[in-house]
Amino acid sequence: MRLWHQSIITKLPRQQLLGQHRELAALRGNGWGRKHATVDYVFDHSPYKLYQFHVIVINEMKRRGYHPNEKWLNPNYRGIHCEPYQKLSPCPLTNPIYPEHDQAYLNDCLSNLKTKGIIIS
């Protein structure tokens, strides 16, 4: 699992964009709090931040003509196999959403994509 740096979401190829949606759905659902070295930092923040990040991905999917389930646009929704939050408190939208998504993280993401033959400038 990996969250791509938010600045490259609009440049991701189809496979990576749709994979990002699946990973976000898993993290928002029963994957919340389950340790994974690459994304552990998200658990240090409110789940609302994950929702904010997911909205960026959903908006890009819609821009490309995909039809993600609109239920994901509800911050309390956690998928069909997970009880929703009763009331998830909003938090301010920051840029980047996750402070861990700094220049070094962007470079790591670009390097990771490059190993897959994907060059994003």
Side-chain angles (χ1 to χ4, degrees):
M1 270 191 201
R2 163 182 298 279
L3 293 188
W4 298 109
H5 193 282
Q6 73 186 69
S7 69
I8 62 173
I9 297 297
T10 60
K11 299 173 185 173
L12 289 174
R14 175 186 185 277
Q15 182 178 348
Q16 280 70 26
L17 180 67
L18 298 180
Q20 185 75 124
H21 172 58
R22 284 189 305 276
E23 290 174 5
L24 287 161
L27 283 170
R28 284 181 65 187
N30 289 323
W32 182 257
R34 292 199 177 155
K35 293 290 185 191
H36 191 285
T38 312
V39 295
D40 273 356
Y41 65 90
V42 302
F43 308 131
D44 295 334
H45 303 279
S46 166
Y48 198 86
K49 289 275 189 198
L50 196 60
Y51 159 73
Q52 291 171 329
F53 194 91
H54 202 176
V55 168
I56 291 172
V57 172
I58 289 170
N59 286 341
E60 179 59 20
M61 290 172 66
K62 290 168 123 182
R63 189 186 72 77
R64 294 187 194 185
Y66 300 112
H67 303 283
N69 188 330
E70 295 288 323
K71 290 180 180 180
W72 289 112
L73 293 173
N74 176 343
N76 295 314
Y77 185 68
R78 300 186 68 202
I80 59 174
H81 301 292
C82 194
E83 287 296 315
Y85 292 109
Q86 292 306 306
K87 178 147 175 44
L88 185 59
S89 296
C91 58
L93 180 62
T94 57
N95 190 9
I97 290 173
Y98 289 104
E100 293 82 0
H101 287 202
D102 57 13
Q103 186 62 46
Y105 188 80
L106 173 59
N107 293 342
D108 287 346
C109 289
L110 294 173
S111 293
N112 182 293
L113 288 167
K114 191 173 184 179
T115 66
K116 301 172 188 332
I118 301 164
I119 309 298
I120 295 177
S121 55

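Note that the coordinates shown come from a computational prediction; the quantities given were computed from them, not determined experimentally. Worth knowing before you read on, the calculation uses all heavy atoms, side chains too, and leaves out hydrogens, waters and symmetry mates. FYI, the numbering just counts along the sequence from 1.
Rounding to the nearest 0.5 angstrom, the gap separating the CD atom in Glu23 from the CG atom in Leu50 is 11.0 Å. The distance from the CG atom of Leu73 to the NZ atom of Lys71 is 12.5 Å, given to the nearest 0.5 Å. Rounding to the nearest 0.5 Å places CZ of Arg14 at 10.5 Å from CD of Gln16.
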(message) Please evaluate residues Tyr51 and Ile58 with respect to the criterion side-chain contact (heavy atoms from CB on, under 4.5 Å), reporting the C-alpha separation (whole Å), side-chain torsions for both, the decisive distance (0.1 Å), and the verdict.
(response) CA-CA 10 Å; Tyr51 159 73; Ile58 289 170; over 6 Å; no
(request) Could you go through the side-chain contact (heavy atoms from CB on, under 4.5 Å) check for His45 and Gln52 one step at a time? (result) CA-CA 12 Å; His45 303 279; Gln52 291 171 329; over 6 Å; no
(message) Run the side-chain contact (heavy atoms from CB on, under 4.5 Å) test on Val42 and Phe53 for me, step by step, so that the C-alpha distance in whole Å, both residues' side-chain angles and the decisive distance to 0.1 Å come before the verdict.
(response) CA-CA 11 Å; Val42 302; Phe53 194 91; over 6 Å; no
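Considering only heavy atoms from C-beta on, Asp44 stays 4.5 Å or farther from Tyr98 through its side chain. No side-chain heavy atom of Ile56 sits less than 4.5 Å from a side-chain heavy atom of Asn59. The shortest distance between side-chain heavy atoms of Leu12 and Leu113 falls below 4.5 Å.
Scanning for salt bridge (charged side-chain N to carboxylate O under 4.0 Å, His left out) contacts around Arg34 gives an empty result, with sequence neighbours left out.
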Distance-only check: which donor-acceptor pairs under 3.5 Å involve side-chain atoms of residues 84-94, not counting sequence neighbours?
{"from": "Thr94", "atom 1": "OG1", "to": "Lys49", "atom 2": "NZ", "distance (Å)": "2.9"}
{"from": "Thr94", "atom 1": "OG1", "to": "Pro96", "atom 2": "O", "distance (Å)": "2.8"}
{"from": "Thr94", "atom 1": "OG1", "to": "Ile97", "atom 2": "O", "distance (Å)": "3.1"}

Donor-acceptor contacts under 3.5 Å from residues 103-110 side chains, at least two apart:
{"from": "Gln103", "atom 1": "NE2", "to": "Asn107", "atom 2": "OD1", "distance (Å)": "3.0"}
{"from": "Tyr105", "atom 1": "OH", "to": "Leu3", "atom 2": "O", "distance (Å)": "2.3"}
{"from": "Tyr105", "atom 1": "OH", "to": "Tyr41", "atom 2": "OH", "distance (Å)": "3.4"}
{"from": "Asn107", "atom 1": "ND2", "to": "Gln103", "atom 2": "O", "distance (Å)": "3.4"}

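The backbone N or O of His5 sits nowhere less than 3.5 Å from a side-chain atom of His101 that would complete a donor-acceptor pair. A donor-acceptor pair under 3.5 Å is formed between the side chain of Arg28 and the backbone N or O of Trp72.
In this structure, His54 and His21 have tilted ring planes: the angle between them lies in the 30° to 60° band.
Salt-bridge formation is not detected for the pair Lys11/Glu60: no Lys NZ or Arg NE/NH1/NH2 atom is positioned less than 4.0 Å from an Asp or Glu carboxylate oxygen.
Nearest heavy atom pair, residue Ile9 against residue Arg64, reads O-NH2, 3.7 Å. Shown here for Ser46 and Trp32, the closest heavy-atom pair between the two residues is C-CH2, 4.3 Å. Of all heavy-atom pairs between Tyr48 and Pro75, the closest is CE1-CB, 3.6 Å. The shortest non-hydrogen separation linking Arg63 to Thr10 is NH2-O, 4.1 Å.
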